[in-house]
Amino acid sequence: MADIKALPFSFPLRRESVALIVIDMQRDFAEPGGFGESLGNDVSYVTAIVSDVKRLIEGFRAVGLPVIHTQECHRPDLSDLPPAKRNRGTPTLRIGDVGPMGRILISGEPGTAILPELAPIDGEIVIEKPGKGAFYATPLGETLKARGIEQLVFAGVTTEVCVQTTMREANDRGYECLLVEEATASYFPEFKQAALDMIRAQGGIVGWTAHLDDVLEAIDA
Ligand code: C5J
């Protein structure tokens, strides 16, 4: 397995300790009528990356490397939803309300599900997370430790919110983090670009960024 061509410099890939983590590729963020659209967002930015996220997931599966999925969601009784999160902004639908795809961002509801094209397969870890970061109030840290995972390759949405928050959490916990440019999206292209730039600035202060083809080539080497 080769190093991955990346910015700000090559990523020192280690087969025995790497996993792909796909953040929140859920119907609620990608499909018309979901939570993302209720906040006034253009969801086509998210649907545009689905084929590249799929290529990345299939690349990891093909060489037997672990794939982890996250879902931003809450308990049906909303006991893990702080009022400050539920009441933020002026969305047409709030978390927990009934929308066209069931209750918004509630565990088990149709809209909360991962897009069918990217659905986890048997044996893959799925982490339900109530926050933007995937380490907060979840078993992710213990799960990674138990499997000896020390490097995380990131994909998913949105770049500057749940992806970047989780990368920062992971970076502070000692993980080496790499974000795949074509496999992440924001509802605001300029925010995606800014997040990529700030992650790899100052010698990779949060982590590395790389292109999809370079990641696929390295894991297959
Ligand atoms: C947001 C996410 N943006 N997955 N969630 O609310 O980035």
Side-chain angles (χ1 to χ4, degrees), residues 20-50 52-53 56-57 67-75 78 80-97 99 101-107 109-115 117-120 125-138 140 152-171 177 179-196 198-199 206-207:
L20 171 65
I21 182 162
V22 184
I23 304 289
D24 300 356
M25 289 301 295
Q26 297 165 242
R27 296 183 63 201
D28 258 327
F29 294 119
E31 291 186 13
F35 185 55
E37 193 176 74
S38 85
L39 293 167
N41 296 309
D42 176 354
V43 295
S44 68
Y45 290 112
V46 176
T47 48
I49 66 164
V50 170
D52 281 336
V53 177
L56 183 61
I57 291 174
V67 179
I68 299 166
H69 306 258
T70 72
Q71 287 177 278
E72 182 173 349
C73 64
H74 297 271
R75 297 186 192 126
L78 307 186
D80 60 355
L81 176 61
K85 182 174 180 184
R86 178 167 154 83
N87 296 332
R88 191 75 51 83
T90 51
T92 52
L93 291 168
R94 291 187 186 278
I95 296 172
D97 290 350
M101 295 188 282
R103 291 182 70 198
I104 300 281
L105 291 190
I106 298 300
S107 179
E109 296 287 332
T112 305
I114 291 170
L115 292 166
E117 307 92 300
L118 307 178
I125 295 159
V126 181
I127 300 285
E128 295 196 338
K129 63 183 189 56
K132 303 305 182 195
F135 286 84
Y136 168 68
T138 75
L140 180 60
L152 292 169
V153 172
F154 279 81
V157 295
T158 60
T159 317
E160 78 283 10
V161 185
C162 291
V163 174
Q164 190 177 197
T165 302
T166 305
M167 281 187 85
R168 288 174 180 273
E169 286 182 325
N171 189 49
C177 300
L179 176 57
V180 184
E181 292 202 27
E182 294 82 359
T184 185
S186 169
Y187 298 121
F188 307 90
E190 67 275 25
F191 289 177
K192 171 176 171 174
Q193 190 56 51
L196 289 166
M198 66 179 80
I199 283 163
V206 178

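Indexing begins at 1, ligand by ligand and atom by atom, following the structure's order. Treat the numbers as computed from the prediction; the structure is a model and nothing was measured.
At under 3.5 Å, not a single nitrogen or oxygen of Ile23, backbone or side chain, sits near a nitrogen or oxygen of ligand 1. In terms of polar-atom proximity, Cys162 is counted as a contact of ligand 1, with an N or O under 3.5 Å from an N or O of the ligand. Below 3.5 Å of separation, one finds an N or O of Lys132 facing an N or O of ligand 1.
With respect to the salt-bridge test (charged N to carboxylate O, under 4.0 angstrom), the residues Asp80 and Lys85 do not qualify.
Glu72 OE1, 2.9 Å is the protein heavy atom nearest to atom 5 (N) of ligand 1.
With Ile23 as reference, Thr70 is the one residue of Leu179, Thr70, Val161 to meet the side chain to side chain contact (heavy atoms under 4.5 Å, CB included) rule. Among Arg168, Gln164, Glu160, the single residue meeting the side chain to side chain contact (heavy atoms under 4.5 Å, CB included) criterion with Ile199 is Gln164. Paired with Asp24 under the rule side chain to side chain donor-acceptor pair (under 3.5 Å), one option of Gln71, His69, Lys129 passes, and it is Lys129.
Ligand 1 places these atoms under 4.0 Å from at least one heavy atom of Val157: 2 (C), 4 (N), 7 (O). For ligand 1 and Thr158, the ligand atoms under 4.0 Å from any heavy atom of the residue are 2 (C), 3 (N), 4 (N), 7 (O). Less than 4.0 angstrom separates some heavy atom of Phe29 from each of these atoms of ligand 1: 1 (C), 4 (N), 5 (N), 6 (O). Residue Asp24 has at least one heavy-atom neighbour below 4.0 Å for each of these atoms of ligand 1: 2 (C), 4 (N).
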* **Step-by-step side chain to side chain contact (heavy atoms under 4.5 Å, CB included) determination, Tyr187 to Phe29** => CA-CA 10 Å; Tyr187 298 121; Phe29 294 119; 3.5 Å; yes
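In this structure, Arg86 contributes its side chain and Ile95 its backbone to a donor-acceptor pair below 3.5 Å.
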